[in-house]
Each structure stands twice: as structure tokens, then as C-alpha cells.
Amino acid sequence: MNGPVPRPGVLTIDAYVPGKSSAPEGVKVWKLSSNETPLGASPKAKAAYVAAGEKLELYPEGSSSALRAAIAGRYGLDPARLLCGAGSDELLSLLAYAYLGPGDEALYSEHGFLVYKIATLAAGATPVAAPETNHTADVDALLAKVTDKTKLVFLANPNNPTGTYLPFDEVKRLHAGLRPDILLVLDAAYAEYVRANDYESGLELVATSANVVMCRTFSKIHGLANLRLGWMVGPPAVIEALNRIRGPFNVSGPAMAAGIAAIGDEAHVAAAIAHNDRWLAWLMQELTALGLTVTPSVGNFVMVSFPPEPGRSAKDADAFLTQRGLVLRRIDAYGLPNALRLTVGPEEANRLVVETLKEFLTR
Ligand SMILES: *Cc1c(COP(=O)(O)O)cnc(C)c1O
């Protein structure tokens, strides 16, 4: 007798490999591999989390209504159009399960966030990648890949791991080129960090369309990655569909409490933005000055490309940095074997990365 076999597609998935966090023993480790905030979570969020820990025996409120009310208040949204999840990863998976099945296609850009491919294959559907231009999503290339089987289009804006973004005009042009039965998923995990006048996270497009959703996360600027918390805004019909298939208690009480406090702590968010503005610019400038190729980023991380020569490659640089406790992200799985992704860290780590890469390049 043969054993149980998963549905087709499942075994074609390469499991997501999170950013590593180890270095040689005795060396201080700087984890710059997962785009976590160097400022940590808001003290108010931590206090709310601890207080919620007093009632671990009770099931959480199942619709995240207090958290939805807080998000709705902050962004001027209708709480009925919001859905919360265990990280935006859960929401991306729910979207795939609700809207994709065998024979359907989901479209994303070549170096788009890996979860899109995983969620698509897990739903039994076919992932389709469109080429990028200058490591940036290309609206014409995406539209050229739309077929009558296309059901979902995922767009990380800004994108991880490249750090590039599409201006609002381009997102609107993408949307205008999609049939009304295709759902456009805008993943704005890094929206708070973006300082570009022509950027729009998706709030406006969601408000004016029946086939657009936007996902946001508490993992990045709010520093709650460990709690698993994300939210989505979309048309009532989409929210209603996902509410049918999600777990009944998909968000924990401590996560909701921390999320409400985090969203209320605007000073903490402002401090994180200010830190990122300063050090993202500094890192891009210093790394470029070292002769490395830096893709202009609007997120809290930057993609650095290396020549594919033995001794100077991204792989060699990664090994050199890791020896010094500097843990960056290899992005081979994104089809970018000649680059590393570096998260903007605390000042000490940022300076150490630049010093260490200088040493690597001149040794
Ligand atoms: C980090 C990240 C997320 C957020 O994931 P969570 O599950 O909310 O932690 C979503 N999309 C992109 C592009 C990301 O980089």
C-alpha cells in the first residue's frame, strides 16, 4: 500500500526559507536578514501584550473587531471592509485558496515576494511570472502575461527583495488593463517607509474599485513580526468570501491588543521612519561609493549586487560578513544569485556592514 499523497502542486513547492540568524560562536550577531525594525516594538504594544497574557485560557474575540475599529479609525476606513490575519502571509494564502484552483493562473513580477508562488501552488493553480525592467515591476510585461485563465495578480509595492516601487499612475494603469473578474492584490508591507510623492499604498484604489485589495502588516514598521499580525482592506464581497474560509480564531488576543496599541503609538512609528530615512540614504550612498551596485530602495532594506567573479561574489561577501556576525539575506531563491538583501539596522550595524564590505573588497 502506498501512503497518503498531497494534492498535485504541493510537492512542487520549495518551502520558504526564512532569513538566517546565526554566526560563529562568540561573535555578536546582527540579524539584517528579515527586514525587522531596529527600534523594536512600541513599549505600549509590549505592555498591552503582557496584559493580554493574563487571560490565556479564553478564546479571542473571533472577528478582531476592536483591532479593525482601531485600523479603521487610523486610516478612515469602514471596519466592515477589513479582515485581520495571522500575518499578511495568512491573508495572501486565504486569497489564493478563495480565488484560485486547478487551471487558474496567478500573475506576479519576476522577482516578486516568494509567498505569491507558494500560495498559488498550494491552491493547485499555476504561477506565472512577468519579466521586470531594472528590477522593477513592468506594467506592460504584466499585462502581456494576462490570459483568460488569470484570476489573481499579486503586486508587492514596494517590492521585497528589490526595494523598488511602482508610482500610483502605474498601479492605476495596471488595474485599468485587468478584466473586472481579476483580483488585484496590492501588498503594501513597507508602505509606511515610503517617502515618494508619487506613491500610494492602495487605499485609494481599493476605495474606488470592486476588484482590488490591499494587504498590510504589523511585522515591519510596527515591530510585531513575532506575534503574526496583518490586515487587509477590500470590497465587501472579497472580505465576505475570506471570512468563510479563515480559521474562526485566526488572530490571538495578545496580538490584537499589541496591534491596537502599536497603531496608536504614532511617535514610535515616526521614530522608525526618521531612523530609516537617515540610514537607508546613508547605506545607499556608502555602498555605492564602495563601487557596489545598489538598487534604489524605498523600503527598510536595500539590494546590493556583486560581480559574479570568484572571490568577489555575493556568496563570498555573505560568507565574509557572516564571519563578522553580519547576517544578510541571500536571494538566490528570488532568481537573484548575485545580490544580497540588507535590512537597515541600528547605527552600529550599518557602519559595521560598510566597514566590513570595504575590507572584503580591498582584501
Ligand atoms: C514581510 C512581508 C510581508 C509580511 O508578512 P507577515 O506575514 O505579515 O509577517 C508581506 N509581504 C511582503 C512583500 C513582505 O516583505
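This is a predicted model, so every value here is computed, not measured. Just so you know, ligand 1 is whichever comes first in the structure, and atom 1 is the first atom listed for that ligand.
- Ring centers of Tyr190 and Phe301: under 6.0 Å apart, within the cut-off.
- With contacts defined as side-chain heavy-atom distances shorter than 4.5 Å, the pair Lys151/Glu105 does not qualify.
- Looking at atom 1 (C) of ligand 1, its nearest protein heavy atom turns out to be Lys220 NZ, 1.2 Å.
- Ring-plane geometry between Phe218 and His222 is classed as tilted, the angle between the planes lying from 30 to 60 degrees on a 0 to 90 degree scale.
- Heavy-atom proximity to Gly87, at under 4.0 Å, picks out these atoms of ligand 1: 6 (P), 7 (O), 8 (O).
- Within ligand 1, the atoms closer than 4.0 Å to a non-hydrogen atom of Asn160 are 13 (C), 14 (C), 15 (O), numbered from 1 in the order shown.
- When heavy-atom distances to ligand 1 are checked against a 4.0 Å cut-off, Glu90 has no atom that comes that close, whether in backbone or side chain.
- Between the side chain of Ser34 and the backbone N or O of Glu36, no donor-acceptor pair lies under 3.5 Å.
- A heavy-atom separation below 4.0 Å is not found between Gly230 and ligand 1.
- For the pair Asn338 and Ser313, the minimum side-chain heavy-atom distance is 4.5 Å or more.
- Below 30°, between 30° and 60°, or above 60°: for Trp282 and Trp279 the angle between ring planes is above 60°, a perpendicular geometry.
- Residue contacts with ligand 1 for Tyr190 involve side-chain atoms from C-beta outward but no N, CA, C or O (heavy atoms, distance under 4.0 Å).
- Heavy atoms of Asp187 found under 4.0 angstrom from ligand 1 belong exclusively to the side chain.
- For atom 4 (C) of ligand 1, the nearest non-hydrogen atom of the protein is Ser88 OG, 3.1 Å.
- A ring-centre distance under 6.0 Å is not found for Tyr108 and Phe154.
- Of all protein heavy atoms, the one lying nearest to atom 9 (O) of ligand 1 is Ser219 OG, 2.6 Å.
- Close approach of ligand 1 to Ala189 is summarised as follows: ligand atoms under 4.0 Å from at least one heavy atom of the residue are 2 (C), 3 (C), 10 (C), 11 (N), 12 (C), 14 (C).
- When only interatomic distances are considered, the shortest N/O to N/O separation between Arg228 and ligand 1 falls below 3.5 Å.
- Between His268 and Leu39 the shortest heavy-atom distance is CE1-O, 3.8 Å.
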